[in-house]
Amino acid sequence: MFSYRHAFHAGNHADALKHVTLLATLRHLMAKSTPLTLIDTHAGAGVYRLDDGAARLSGEAEQGVARLQALHQARVSEENQAPDQAQRAQAATKEEANLLWDYLALVAGFNSNASPEAPWRVYPGSPFLMHALMTEPGRAAVHDRLKLFELHPTDSQALAAHVAQLEAGRQVSVARQDGFEGLKGLLPPPADRAGSRRALVLIDPSYEIKTDYARVAAAVQDGLRRFATGVYLVWYPIIGRAQAHDLPRRLRTLANQAGRPWLHATLAVGAPRSATPAAVPGAEPARPGLTASGMFVINPPHTLAAGLRAALPVLQEALARGPHAGWTVETGG
Ligand code: SAM
(Lines give C-alpha, C1' and ligand atoms only; values in the text may rest on other atoms or scores of the structure.)
Protein backbone atom coordinates (compact mmCIF):
# COMPACT_ATOMS: atom_id res chain seq x y z
CA MET A 1 0.00 0.00 0.00
CA PHE A 2 1.08 3.60 -0.50
CA SER A 3 2.99 5.38 2.25
CA TYR A 4 2.94 8.85 0.60
CA ARG A 5 0.77 11.38 2.44
CA HIS A 6 0.53 14.84 0.97
CA ALA A 7 0.00 16.34 4.44
CA PHE A 8 3.80 16.25 4.88
CA HIS A 9 4.37 18.24 1.70
CA ALA A 10 1.37 20.58 1.47
CA GLY A 11 2.41 24.18 0.89
CA ASN A 12 5.99 23.36 -0.16
CA HIS A 13 7.78 24.86 -3.20
CA ALA A 14 6.40 22.15 -5.48
CA ASP A 15 2.83 22.96 -4.44
CA ALA A 16 3.54 26.64 -5.07
CA LEU A 17 4.68 26.00 -8.66
CA LYS A 18 1.83 23.56 -9.28
CA HIS A 19 -0.92 25.70 -7.77
CA VAL A 20 0.23 28.99 -9.33
CA THR A 21 0.21 27.29 -12.74
CA LEU A 22 -3.12 25.59 -12.11
CA LEU A 23 -4.89 28.73 -10.93
CA ALA A 24 -3.56 30.89 -13.76
CA THR A 25 -4.70 28.32 -16.30
CA LEU A 26 -8.11 28.02 -14.71
CA ARG A 27 -8.62 31.79 -14.47
CA HIS A 28 -7.96 32.06 -18.18
CA LEU A 29 -10.41 29.27 -19.02
CA MET A 30 -13.01 30.88 -16.76
CA ALA A 31 -12.89 34.11 -18.72
CA LYS A 32 -15.29 32.27 -21.05
CA SER A 33 -18.72 31.66 -19.55
CA THR A 34 -19.25 28.08 -20.78
CA PRO A 35 -19.02 25.29 -18.18
CA LEU A 36 -15.86 23.35 -17.51
CA THR A 37 -15.25 19.80 -16.37
CA LEU A 38 -12.33 19.89 -13.93
CA ILE A 39 -10.61 16.57 -13.21
CA ASP A 40 -8.03 15.96 -10.47
CA THR A 41 -6.76 12.40 -10.98
CA HIS A 42 -4.66 12.44 -7.76
CA ALA A 43 -6.55 14.75 -5.43
CA GLY A 44 -5.01 14.15 -1.98
CA ALA A 45 -7.00 15.13 1.12
CA GLY A 46 -8.29 18.41 -0.37
CA VAL A 47 -7.21 20.76 2.41
CA TYR A 48 -4.44 20.57 5.04
CA ARG A 49 -3.56 21.86 8.50
CA LEU A 50 -0.18 23.55 8.64
CA ASP A 51 -0.08 23.45 12.42
CA ASP A 52 -0.49 19.69 12.76
CA GLY A 53 2.09 16.95 13.26
CA ALA A 54 2.77 16.10 9.61
CA ALA A 55 3.43 19.65 8.41
CA ARG A 56 5.50 20.54 11.47
CA LEU A 57 7.52 17.36 11.29
CA SER A 58 8.54 17.85 7.67
CA GLY A 59 8.98 21.63 7.93
CA GLU A 60 8.25 21.89 4.20
CA ALA A 61 5.46 24.45 4.50
CA GLU A 62 7.72 26.44 6.81
CA GLN A 63 10.21 26.78 3.95
CA GLY A 64 7.40 27.20 1.42
CA VAL A 65 4.11 28.93 1.93
CA ALA A 66 5.15 30.43 5.29
CA ARG A 67 7.83 32.43 3.46
CA LEU A 68 5.26 33.41 0.84
CA GLN A 69 2.90 34.65 3.53
CA ALA A 70 5.52 37.22 4.47
CA LEU A 71 5.66 38.34 0.85
CA HIS A 72 1.88 38.58 0.68
CA GLN A 73 1.70 40.59 3.89
CA ALA A 74 4.38 43.00 2.76
CA ARG A 75 2.51 43.63 -0.47
CA VAL A 76 -0.87 44.07 1.22
CA SER A 77 0.54 46.55 3.75
CA GLU A 78 2.30 48.48 0.94
CA GLU A 79 -1.02 48.77 -0.87
CA ASN A 80 -2.84 49.88 2.28
CA GLN A 81 -0.26 52.47 3.23
CA ALA A 82 0.33 54.09 -0.11
CA PRO A 83 -2.19 53.19 -2.80
CA ASP A 84 -0.73 55.68 -5.29
CA GLN A 85 2.73 54.36 -4.79
CA ALA A 86 1.39 50.83 -5.18
CA GLN A 87 -0.27 51.84 -8.45
CA ARG A 88 3.02 53.22 -9.73
CA ALA A 89 4.82 50.11 -8.63
CA GLN A 90 2.54 48.00 -10.79
CA ALA A 91 4.88 48.78 -13.62
CA ALA A 92 7.74 47.20 -11.71
CA THR A 93 8.67 43.58 -12.30
CA LYS A 94 7.51 42.25 -8.95
CA GLU A 95 4.10 43.75 -9.40
CA GLU A 96 3.70 41.96 -12.71
CA ALA A 97 3.74 38.68 -10.84
CA ASN A 98 -0.05 38.76 -10.74
CA LEU A 99 -0.34 34.98 -10.86
CA LEU A 100 1.56 34.76 -7.61
CA TRP A 101 -0.47 37.46 -5.87
CA ASP A 102 -3.70 35.81 -6.99
CA TYR A 103 -2.56 32.45 -5.56
CA LEU A 104 -1.51 34.03 -2.28
CA ALA A 105 -4.75 36.00 -1.96
CA LEU A 106 -6.66 32.73 -2.36
CA VAL A 107 -4.57 30.96 0.28
CA ALA A 108 -5.03 33.99 2.57
CA GLY A 109 -8.80 33.65 2.02
CA PHE A 110 -8.67 30.17 3.59
CA ASN A 111 -7.06 31.75 6.66
CA SER A 112 -9.26 34.81 6.91
CA ASN A 113 -10.77 33.92 10.30
CA ALA A 114 -7.40 34.50 11.97
CA SER A 115 -5.60 37.82 12.29
CA PRO A 116 -3.60 38.69 9.13
CA GLU A 117 -0.32 38.51 11.10
CA ALA A 118 -0.98 35.03 12.49
CA PRO A 119 0.86 32.25 10.64
CA TRP A 120 -1.39 30.57 8.09
CA ARG A 121 -2.79 27.37 9.55
CA VAL A 122 -4.69 26.09 6.55
CA TYR A 123 -3.41 25.21 3.10
CA PRO A 124 -5.86 24.46 0.30
CA GLY A 125 -4.92 21.57 -1.97
CA SER A 126 -5.80 21.48 -5.65
CA PRO A 127 -9.45 20.36 -5.10
CA PHE A 128 -10.17 23.26 -2.76
CA LEU A 129 -8.38 25.81 -4.92
CA MET A 130 -10.37 24.73 -7.97
CA HIS A 131 -13.58 24.74 -5.98
CA ALA A 132 -12.83 28.26 -4.73
CA LEU A 133 -12.61 29.55 -8.30
CA MET A 134 -15.71 27.62 -9.41
CA THR A 135 -17.78 29.26 -6.71
CA GLU A 136 -16.56 32.85 -6.95
CA PRO A 137 -19.52 35.25 -7.33
CA GLY A 138 -18.90 35.88 -11.04
CA ARG A 139 -18.56 32.18 -11.83
CA ALA A 140 -20.91 30.22 -9.60
CA ALA A 141 -23.89 30.49 -11.99
CA VAL A 142 -21.93 28.67 -14.72
CA HIS A 143 -21.98 25.37 -12.79
CA ASP A 144 -18.60 23.88 -13.56
CA ARG A 145 -18.11 20.26 -12.44
CA LEU A 146 -15.20 18.95 -10.33
CA LYS A 147 -14.27 15.24 -10.45
CA LEU A 148 -11.83 14.04 -7.80
CA PHE A 149 -9.96 10.73 -7.53
CA GLU A 150 -7.94 9.60 -4.52
CA LEU A 151 -6.81 6.05 -3.88
CA HIS A 152 -5.25 6.20 -0.40
CA PRO A 153 -7.86 4.93 2.11
CA THR A 154 -7.12 7.58 4.76
CA ASP A 155 -6.79 10.48 2.36
CA SER A 156 -9.83 9.51 0.30
CA GLN A 157 -11.86 9.39 3.51
CA ALA A 158 -10.48 12.78 4.57
CA LEU A 159 -11.18 14.18 1.10
CA ALA A 160 -14.77 12.95 1.17
CA ALA A 161 -15.28 14.51 4.62
CA HIS A 162 -13.73 17.82 3.56
CA VAL A 163 -15.78 17.94 0.35
CA ALA A 164 -18.97 17.18 2.30
CA GLN A 165 -18.35 20.39 4.26
CA LEU A 166 -18.48 22.36 1.00
CA GLU A 167 -22.11 21.29 0.50
CA ALA A 168 -21.47 21.32 -3.21
CA GLY A 169 -23.97 18.58 -4.07
CA ARG A 170 -23.44 16.93 -7.45
CA GLN A 171 -21.09 19.66 -8.61
CA VAL A 172 -18.18 17.93 -6.87
CA SER A 173 -17.70 14.16 -6.88
CA VAL A 174 -15.12 12.08 -5.00
CA ALA A 175 -14.14 8.57 -6.05
CA ARG A 176 -11.81 6.21 -4.20
CA GLN A 177 -10.54 4.91 -7.49
CA ASP A 178 -7.39 4.81 -9.59
CA GLY A 179 -7.26 8.27 -11.18
CA PHE A 180 -5.60 7.06 -14.39
CA GLU A 181 -8.45 4.60 -14.93
CA GLY A 182 -11.13 7.06 -13.83
CA LEU A 183 -9.94 9.66 -16.33
CA LYS A 184 -10.74 7.41 -19.28
CA GLY A 185 -14.44 7.44 -18.47
CA LEU A 186 -14.61 11.24 -18.26
CA LEU A 187 -13.18 12.18 -21.66
CA PRO A 188 -14.51 13.68 -23.79
CA PRO A 189 -16.47 15.77 -21.26
CA PRO A 190 -20.20 16.31 -21.74
CA ALA A 191 -21.28 19.05 -24.14
CA ASP A 192 -23.23 22.05 -22.89
CA ARG A 193 -26.44 23.24 -24.57
CA ALA A 194 -24.45 25.05 -27.26
CA GLY A 195 -22.42 21.89 -27.95
CA SER A 196 -19.21 23.20 -26.35
CA ARG A 197 -16.97 20.71 -24.49
CA ARG A 198 -14.28 22.01 -22.17
CA ALA A 199 -12.09 20.22 -19.65
CA LEU A 200 -9.01 20.79 -17.51
CA VAL A 201 -7.17 17.71 -16.24
CA LEU A 202 -4.63 17.88 -13.41
CA ILE A 203 -2.40 14.79 -13.17
CA ASP A 204 -0.40 15.00 -9.97
CA PRO A 205 0.77 11.57 -8.77
CA SER A 206 3.13 10.98 -5.89
CA TYR A 207 5.45 8.92 -8.20
CA GLU A 208 5.89 6.54 -5.29
CA ILE A 209 5.55 3.72 -7.77
CA LYS A 210 8.06 3.88 -10.63
CA THR A 211 5.40 2.88 -13.16
CA ASP A 212 3.60 6.19 -12.45
CA TYR A 213 5.89 7.92 -14.98
CA ALA A 214 4.81 5.59 -17.79
CA ARG A 215 1.19 5.74 -16.64
CA VAL A 216 1.22 9.56 -16.80
CA ALA A 217 2.49 9.48 -20.39
CA ALA A 218 -0.07 6.81 -21.32
CA ALA A 219 -2.89 8.81 -19.69
CA VAL A 220 -1.92 11.96 -21.57
CA GLN A 221 -1.65 10.08 -24.86
CA ASP A 222 -5.04 8.48 -24.32
CA GLY A 223 -6.52 11.80 -23.16
CA LEU A 224 -5.33 13.59 -26.29
CA ARG A 225 -6.80 10.84 -28.42
CA ARG A 226 -10.18 11.09 -26.68
CA PHE A 227 -10.20 14.88 -26.32
CA ALA A 228 -7.44 16.73 -28.11
CA THR A 229 -8.53 20.23 -27.02
CA GLY A 230 -8.50 19.44 -23.29
CA VAL A 231 -6.03 21.30 -21.09
CA TYR A 232 -3.69 18.79 -19.43
CA LEU A 233 -1.42 19.79 -16.53
CA VAL A 234 1.18 17.32 -15.27
CA TRP A 235 3.34 17.86 -12.20
CA TYR A 236 6.57 15.86 -11.87
CA PRO A 237 9.59 15.83 -9.51
CA ILE A 238 13.04 16.73 -10.81
CA ILE A 239 15.15 14.00 -9.25
CA GLY A 240 18.04 11.79 -10.29
CA ARG A 241 15.92 9.09 -11.85
CA ALA A 242 15.85 8.36 -15.58
CA GLN A 243 12.05 8.11 -15.74
CA ALA A 244 11.63 11.54 -14.12
CA HIS A 245 14.16 13.07 -16.49
CA ASP A 246 12.45 11.53 -19.52
CA LEU A 247 8.86 12.43 -18.62
CA PRO A 248 8.81 16.05 -19.90
CA ARG A 249 10.50 14.90 -23.13
CA ARG A 250 7.87 12.21 -23.61
CA LEU A 251 5.07 14.70 -22.96
CA ARG A 252 6.58 17.15 -25.42
CA THR A 253 6.71 14.43 -28.07
CA LEU A 254 3.08 13.49 -27.40
CA ALA A 255 1.95 17.12 -27.67
CA ASN A 256 3.93 17.65 -30.87
CA GLN A 257 2.57 14.43 -32.39
CA ALA A 258 -0.97 15.57 -31.58
CA GLY A 259 -0.21 19.02 -33.03
CA ARG A 260 -1.00 20.74 -29.72
CA PRO A 261 0.85 23.66 -28.08
CA TRP A 262 2.66 23.03 -24.79
CA LEU A 263 4.41 24.85 -21.94
CA HIS A 264 7.06 23.47 -19.62
CA ALA A 265 7.93 25.33 -16.40
CA THR A 266 10.39 24.35 -13.69
CA LEU A 267 11.29 25.75 -10.29
CA ALA A 268 14.39 24.76 -8.30
CA VAL A 269 14.97 26.04 -4.77
CA GLY A 270 18.48 24.63 -4.40
CA ALA A 271 19.81 23.10 -1.21
CA PRO A 272 21.77 24.61 1.66
CA ARG A 273 25.48 23.86 1.33
CA SER A 274 25.29 21.64 4.40
CA ALA A 275 22.61 19.50 2.76
CA THR A 276 24.40 18.85 -0.54
CA PRO A 277 26.22 15.51 -0.99
CA ALA A 278 29.06 15.13 1.49
CA ALA A 279 32.38 16.59 0.41
CA VAL A 280 34.15 14.20 2.72
CA PRO A 281 34.59 10.83 0.98
CA GLY A 282 32.69 8.11 2.77
CA ALA A 283 30.58 10.50 4.85
CA GLU A 284 26.81 10.07 4.78
CA PRO A 285 25.32 12.74 2.47
CA ALA A 286 22.64 14.84 4.09
CA ARG A 287 19.19 14.58 2.49
CA PRO A 288 17.92 17.90 1.19
CA GLY A 289 14.55 16.38 0.15
CA LEU A 290 12.93 17.43 -3.09
CA THR A 291 14.60 20.60 -4.39
CA ALA A 292 13.02 21.02 -7.83
CA SER A 293 9.94 20.13 -9.83
CA GLY A 294 8.23 20.86 -13.10
CA MET A 295 4.83 21.47 -14.63
CA PHE A 296 4.05 20.40 -18.18
CA VAL A 297 0.91 21.93 -19.69
CA ILE A 298 -0.66 20.87 -22.98
CA ASN A 299 -2.98 23.43 -24.63
CA PRO A 300 -1.88 26.18 -22.20
CA PRO A 301 -3.50 29.61 -22.23
CA HIS A 302 -1.50 31.97 -24.48
CA THR A 303 -1.00 34.27 -21.46
CA LEU A 304 0.56 31.61 -19.21
CA ALA A 305 4.19 31.83 -20.34
CA ALA A 306 4.42 35.59 -19.78
CA GLY A 307 2.63 35.29 -16.44
CA LEU A 308 4.98 32.57 -15.20
CA ARG A 309 8.05 34.44 -16.43
CA ALA A 310 7.01 37.29 -14.13
CA ALA A 311 5.97 35.13 -11.18
CA LEU A 312 8.74 32.50 -11.05
CA PRO A 313 11.66 34.86 -10.34
CA VAL A 314 9.74 36.21 -7.35
CA LEU A 315 8.95 32.68 -6.18
CA GLN A 316 12.57 31.64 -6.64
CA GLU A 317 13.87 34.59 -4.66
CA ALA A 318 11.44 33.93 -1.81
CA LEU A 319 11.94 30.16 -1.65
CA ALA A 320 15.64 29.70 -2.50
CA ARG A 321 17.51 27.60 0.05
CA GLY A 322 20.97 27.67 -1.46
CA PRO A 323 22.98 27.21 -4.65
CA HIS A 324 21.31 25.90 -7.82
CA ALA A 325 18.00 27.72 -7.33
CA GLY A 326 16.47 28.73 -10.65
CA TRP A 327 13.48 28.59 -12.94
CA THR A 328 12.68 27.98 -16.60
CA VAL A 329 9.69 28.46 -18.88
CA GLU A 330 9.75 26.91 -22.34
CA THR A 331 6.97 26.73 -24.91
CA GLY A 332 6.41 24.97 -28.19
CA GLY A 333 3.93 23.58 -30.69
N1 SAM B 1 -3.21 17.16 -6.20
C2 SAM B 1 -3.03 17.35 -4.78
C3 SAM B 1 -2.81 18.83 -4.52
O4 SAM B 1 -2.19 19.51 -5.35
O5 SAM B 1 -3.28 19.31 -3.48
C6 SAM B 1 -1.88 16.55 -4.22
C7 SAM B 1 -1.87 15.10 -4.60
S8 SAM B 1 -0.54 14.15 -3.97
C9 SAM B 1 0.85 14.77 -4.78
C10 SAM B 1 -0.79 12.63 -4.80
C11 SAM B 1 -1.96 11.81 -4.28
O12 SAM B 1 -2.26 10.75 -5.19
C13 SAM B 1 -1.70 11.14 -2.94
O14 SAM B 1 -2.70 11.54 -2.02
C15 SAM B 1 -1.83 9.63 -3.23
O16 SAM B 1 -2.44 8.91 -2.17
C17 SAM B 1 -2.71 9.63 -4.46
N18 SAM B 1 -2.57 8.48 -5.37
C19 SAM B 1 -1.48 7.73 -5.62
N20 SAM B 1 -1.73 6.89 -6.64
C21 SAM B 1 -3.00 7.12 -7.05
C22 SAM B 1 -3.82 6.61 -8.11
N23 SAM B 1 -3.37 5.66 -8.93
N24 SAM B 1 -5.06 7.11 -8.27
C25 SAM B 1 -5.53 8.08 -7.43
N26 SAM B 1 -4.81 8.60 -6.42
C27 SAM B 1 -3.56 8.13 -6.24
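We count ligands from 1, going down the list as the structure has it; atoms in each ligand are counted the same way. Both backbone and side-chain heavy atoms feed into the values below; hydrogens, waters and symmetry mates do not. Just so it is clear, the structure is predicted and the values come from calculations on it, not from any experiment.
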Just checking H19 against Y123, ring centres under 6.0 Å apart? yes
Return yes if some donor-acceptor pair links the side-chain N/O of R198 with the main-chain N/O of L36 below 3.5 Å, else return no. no
Determine whether R5 and T154 satisfy the following criterion, side-chain hydrogen bond (donor to acceptor under 3.5 Å, both in side chains), listing intermediate values before the conclusion. CA-CA 9 Å; R5 307 290 308 282; T154 313; 4.7 Å; no
For ligand 1, what is the set of protein residues having any non-hydrogen atom at a distance below 4.0 Å? F2, Y4, H6, K18, H19, D40, T41, H42, A43, G44, G125, S126, E150, L151, H152, D155, Q177, D178, G179, D204, S206
Centroid-centroid distance, Y4 to H152, less than 6.0 Å: no
Gap separating the CG atom of L183 from the OH atom of Y232, nearest 0.5 angstrom: 7.0 Å
If only atom types and distance count, is the side chain of Q69 paired as donor or acceptor with the main-chain N or O of A118 below 3.5 Å? yes
